[in-house]
> 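The structure that follows is given in the form of structure tokens.
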Amino acid sequence: MNEIKRQLSNVSLVVRDYDEAIKYYVGVLNFELHQDVDLGDGKRWVVVGPKNAECGLVLGKAVGARQESAIGNQTGGRVFLFLHTSDFWSDYKSMKTKGVIFKEKPREEAYGTVVVFEDLYGNLWDLLELN
């Protein structure tokens, strides 16, 4: 019997504004804009992510007070997303130059080099190069 293969394809991220979020994730984190489709009524299907990544971020513009209150706090203050890199120090320096806020100094762990940063909305991320 063949094993069923599954994978996550995208993760939804609640944002304040589509264009503001695209500018940050593409311009600051050096992601690519994979899709930007007008769905009408002010809605868009926007997907960004690292080049050649299988999983992207679907940027969803918050609608209403409940969704707006979740912007930047989708996980209650825990690290939410993990950005793996093959060149930690190059990415770290580039992000620092572009004004990314790091919550700590880079550290060496048994599994690799890691640092926590926050995005423009306050979501916490790990920048991580595995050993």
Side-chain angles (χ1 to χ4, degrees):
M1 181 153 102
N2 291 335
E3 183 179 340
I4 296 173
K5 294 182 181 180
R6 302 184 312 165
Q7 68 181 25
L8 290 176
S9 62
N10 292 307
V11 175
S12 182
L13 182 67
V14 181
V15 300
R16 187 173 34 243
D17 176 80
Y18 293 118
D19 294 320
E20 170 188 67
I22 291 168
K23 183 177 178 183
Y24 178 82
Y25 293 106
V26 172
V28 176
L29 296 190
N30 208 25
F31 284 7
E32 291 184 333
L33 178 60
H34 295 298
Q35 293 178 288
D36 187 354
V37 179
D38 186 342
L39 301 175
D41 294 327
K43 294 183 180 180
R44 289 158 61 182
W45 177 259
V46 178
V47 182
V48 298
K51 183 177 183 177
N52 299 321
E54 292 185 21
C55 185
L57 290 178
V58 176
L59 305 178
K61 184 177 177 183
V63 177
R66 183 172 179 205
Q67 290 180 17
E68 288 171 1
S69 71
I71 295 171
N73 192 29
Q74 290 188 193
T75 59
R78 296 207 43 142
V79 169
F80 176 44
L81 297 162
F82 299 81
L83 180 58
H84 286 214
T85 179
S86 63
D87 190 344
F88 178 90
W89 292 106
S90 177
D91 280 338
Y92 174 76
K93 290 173 187 171
S94 172
M95 292 165 65
K96 194 166 179 99
T97 299
K98 293 177 181 177
V100 171
I101 297 169
F102 290 93
K103 305 303 282 182
E104 61 185 5
K105 293 194 182 303
R107 64 188 194 280
E108 297 294 328
E109 298 289 348
Y111 52 83
T113 307
V114 64
V115 68
V116 175
F117 70 94
E118 67 179 45
D119 67 16
L120 81 157
Y121 298 113
N123 295 300
L124 297 179
W125 295 60
D126 270 359
L127 175 64
L128 174 62
E129 181 177 2
L130 296 174
N131 291 335

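Heavy-atom basis, side chains included; hydrogens, waters and symmetry copies ignored.
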> Which pair of heavy atoms, one from Leu83 and one from Pro50, lies closest together, and at what distance?
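Minimum heavy-atom separation between Leu83 and Pro50: CD1-CG, 3.9 Å.
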
> By ring-ring contact (aromatic ring centres under 6.0 Å, His included), which residues pair with Trp89, not counting sequence neighbours?
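In terms of ring-ring contact (aromatic ring centres under 6.0 Å, His included), with neighbours along the sequence ignored, Trp89 is linked to Tyr92.
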
> Just jot down the salt bridge (charged side-chain N to carboxylate O under 4.0 Å, His left out) partners of Glu20, sequence neighbours excluded, or say none.
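Once residues adjacent in sequence are excluded, the partners of Glu20 under the salt bridge (charged side-chain N to carboxylate O under 4.0 Å, His left out) criterion are Arg16.
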
> Answer yes if Val115 and Leu128 sit in the same cluster of Ile, Leu, Val, Met, Phe, Trp and Tyr residues linked by side chain heavy atoms under 4.5 Å apart, and no otherwise.
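Result: no, two separate clusters.
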
> Kindly state each residue pair satisfying salt bridge (charged side-chain N to carboxylate O under 4.0 Å, His left out) with at least one member in residues 106-122, sequence neighbours excluded.
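Residue pairs with at least one partner in residues 106-122: Lys103-Glu118, Glu104-Arg107, Arg107-Glu109.
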
> What pairs meet the salt bridge (charged side-chain N to carboxylate O under 4.0 Å, His left out) rule with one or both residues in residues 68-93, with sequence neighbours excluded?
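Checked against salt bridge (charged side-chain N to carboxylate O under 4.0 Å, His left out) - neighbours excluded - no pair reaches residues 68-93.
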
> Among residues at least two apart in sequence or on other chains, which ones pass side-chain hydrogen bond (donor to acceptor under 3.5 Å, both in side chains) with Asp17?
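Partners of Asp17 by the side-chain hydrogen bond (donor to acceptor under 3.5 Å, both in side chains) criterion come out as none, since no residue qualifies.
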
> Mind checking whether Trp125 and Tyr25 have parallel, tilted or perpendicular rings, split at 30° and 60°?
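Judged by the thresholds at 30° and 60°, the geometry between Trp125 and Tyr25 is tilted.
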
> Could you report the tightest heavy-atom contact between Asp126 and Phe117, atom names first, then the distance?
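Heavy atoms only, the tightest pair is C-CE2, 4.2 Å.
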
> Show me the side-chain donor-acceptor pairs of residues 5-13 shorter than 3.5 Å, one per line, residues at least two apart or across chains.
residue: Gln7; atom: NE2; partner: Glu54; partner atom: OE1; Å: 3.0
residue: Asn10; atom: OD1; partner: Gly56; partner atom: N; Å: 3.1

> Side-chain heavy atoms under 4.5 angstrom apart, residues restricted to Ile, Leu, Val, Met, Phe, Trp, Tyr: same cluster for Val58 and Val14?
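As far as the 4.5 Å side-chain criterion goes, Val14 and Val58 are not connected within one cluster.
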
> Indicate if Phe102 and Val28 have the same hydrophobic cluster label, given that clusters are the connected sets of ILVMFWY residues with side-chain heavy-atom separations under 4.5 angstrom.
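They do share one cluster, since a chain of ILVMFWY contacts under 4.5 Å joins Phe102 to Val28.
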
